[in-house]
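See below for the structure under consideration.
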Amino acid sequence: MGVKVCVVGGGVVGLTTATLLQEHGALPVGSTVTLLADKFLQETTSDGVVGVFLPSSDFRGPTTAVTKQWIQDSHRYYTEIIANTPEAQCIGVKKIPSYFFSNHTPSVLYWSDILKEILEDYRMCTKDELKRHGRKYGVFATTLIAECSYYLPYLTSRFTSRGGVVERRHLKSLEELVGHYDVVCNCSGLGARDLVGDHYVFPIRGHLFKVHAPWITQCYMHEFETYIIPGKEYVTLGSTKQFDSYNTTVCHHDSCAVWDHCMKFLPSLKGAKVLWQWVGLRPWRPYVRVEKETMVFKGGKTLKVVHNYGHGSGGVTSSPGTAMHAITLIKQLLQEKKD
Ligand SMILES: Cc1cc2nc3c(=O)[nH]c(=O)nc-3n(C[C@H](O)[C@H](O)[C@H](O)COP(=O)(O)OP(=O)(O)OC[C@H]3O[C@@H](n4cnc5c(N)ncnc54)[C@H](O)[C@@H]3O)c2cc1C
């Protein structure tokens with residue numbers, strides 16, 4: 001007999017989870033998956049981001065082993081999209097040669113031991129490369145990007161073409177879903193702060209420029225703070241990392257700082273035409289929460305929930321891996337129901 005599953009959250013985490021849940025044979029025949037959110041596509045944080053596949057030092061799961069598994073699974077997922085989807089470039093997913101620099105950390109990248117294994121062409125920069133960019137330490141590797149303004153519509157059509165249901169609705173509490181679904185997967189990002197009262201979730205505000213600079217063909221990043229990422233039609237310049245700031249308006253002071261850092265980093269950007277600026281809030285948590293829970297509400301009503309939120313700076317990087325983990329937990333909850 002079919003079951004009913006609701007995924008709450010229409011950002012990259014919810015959409016990836018709902019899509020993979022439908023496709024991985026995780027549910028019995030006749031099941032329905034509903035994607036419920038109060039914001040979709042351009043309205044979400046995910047949409048503004050050209051997600052570079054690169055877990056940062058503030059990204060982690062409950063254990064190192066679990067985090068590495070998420071990173072590996074995600075990299076495999078994106079690599080398979082590139083290999084098997086003729087329109088991969090059109091949906092914003094592609095490989096990109098990249099320089100990562102640091103003036104403080106010789107290994108440069110926090111998750112370097114796993115990235116060394118999975119990223120193609122991984123090597124330390126030569127003395128000439130470091131001199132050219134005026135940096136102390138550096139790594140060159142081919143990583144991936146998923147440009148969400150193209151990738152989210154692609155996921156949405158993959159989901160709906162297999163019968164997925166999309167519902168626009170704001171939830172005050174997950175209690176509103178009791179009695180309607182067998183399992184709920186909570187991918188509400190920053191919204192989890194109110195939706196499930198998780199006060200470990202904080203925003204980390206980030207400011208981006210989108211510029212026209214077609215001569216930039218490689219990605220450049222300095223200590224996860226200053227970066228230059230060429231996408232399909234424009235180049236993204238970033239960023240700021242302001243903890244616990246909910247301000248989503250463009251601020252002149254941040255604009256000047258981001259612009260100045262990027263121009264110093266890559267002076268050839270000076271002729272770039274500014275298209276627009278964007279501010280987003282990364283949904284950060286000390287560790288990403290992928291956990292199952294049976295929630296109990298007033299009157300003893302219960303709801304089986306799998307949480308999948310708090311991806312901070314790494315939601316695009318890690319959403320396939322955390323989705324696969326969440327799907328395993330959903331299957332366990334459905335099995336417990338049968339037993
Ligand atoms: C400037 C910047 C640069 C970034 N760069 C990168 C990068 O290079 N690589 C990378 O991997 N990541 C990057 N990130 C991080 C990445 O964007 C996030 O981790 C990711 O978008 C989080 O996705 P999400 O689906 O959890 O959240 P969101 O996209 O915010 O989606 C949350 C969803 O939950 C829904 N929701 C919430 N509460 C409720 C409610 N009560 N009722 C109904 N619906 C609800 C919302 O409507 C929305 O649909 C960047 C972020 C920023 C801001």
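Sequence positions, counted from 1, serve as the residue numbers for this chain. Ligands are counted one by one from 1 in listed order, and the atoms in each one are counted from 1 as well.
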Do Lys232 and Tyr150 meet the cation-pi criteria used here (NZ or CZ under 6.0 Å from the six-membered ring centre, within 45° of the axis)?
->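 Yes.
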Phe265 ring centre to Arg135 NZ or CZ under 6.0 Å, with the angle to the axis within 45°?
->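 Yes, a cation-pi geometry.
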Could you list the residues that satisfy salt bridge (Lys or Arg N to Asp or Glu O under 4.0 Å) with Glu117, not counting sequence neighbours?
->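 Partners of Glu117 by the salt bridge (Lys or Arg N to Asp or Glu O under 4.0 Å) criterion come out as none, since no residue qualifies.
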Quick check on ligand 1: any N or O pairs to the protein under 3.5 Å? One line per pair.
residue, atom, partner, partner atom, Å
ligand 1, 8 (O), Val52, N, 2.9
ligand 1, 9 (N), Val52, N, 3.4
ligand 1, 9 (N), Val52, O, 3.1
ligand 1, 11 (O), Val316, N, 3.0
ligand 1, 11 (O), Thr317, N, 2.7
ligand 1, 11 (O), Thr317, OG1, 2.8
ligand 1, 12 (N), Ser313, O, 2.9
ligand 1, 19 (O), Gly312, O, 2.7
ligand 1, 19 (O), Gly315, N, 2.9
ligand 1, 21 (O), Ser46, OG, 2.8
ligand 1, 23 (O), Ser46, OG, 3.2
ligand 1, 25 (O), Val12, N, 3.3
ligand 1, 25 (O), Val13, N, 3.1
ligand 1, 29 (O), Ser46, N, 3.1
ligand 1, 29 (O), Ser46, OG, 2.5
ligand 1, 30 (O), Thr45, OG1, 3.3
ligand 1, 41 (N), Leu171, O, 2.9
ligand 1, 42 (N), Leu171, N, 3.0
ligand 1, 44 (N), Asp38, N, 3.1
ligand 1, 44 (N), Asp38, OD1, 3.3
ligand 1, 47 (O), Asp38, OD1, 2.5
ligand 1, 47 (O), Lys39, N, 2.9
ligand 1, 49 (O), Gly10, N, 2.8
ligand 1, 49 (O), Lys39, O, 2.7

Step-by-step salt bridge (charged side-chain N to carboxylate O under 4.0 Å, His left out) determination, Arg285 to Asp198 | CA-CA 9 Å; Arg285 198 173 184 274; Asp198 186 341; 2.8 Å; yes
Can you list the residues that meet the side-chain contact (heavy atoms from CB on, under 4.5 Å) rule with Thr34, with sequence neighbours excluded?
->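 Thr34: side-chain contact (heavy atoms from CB on, under 4.5 Å) contacts with Val165, Glu167, Tyr181.
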Please list, chain by chain and in numerical order, all residues satisfying side-chain contact (heavy atoms from CB on, under 4.5 Å) with Gln42, sequence neighbours excluded.
->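 For Gln42 the side-chain contact (heavy atoms from CB on, under 4.5 Å) partners, ignoring immediate neighbours, are Asp47.
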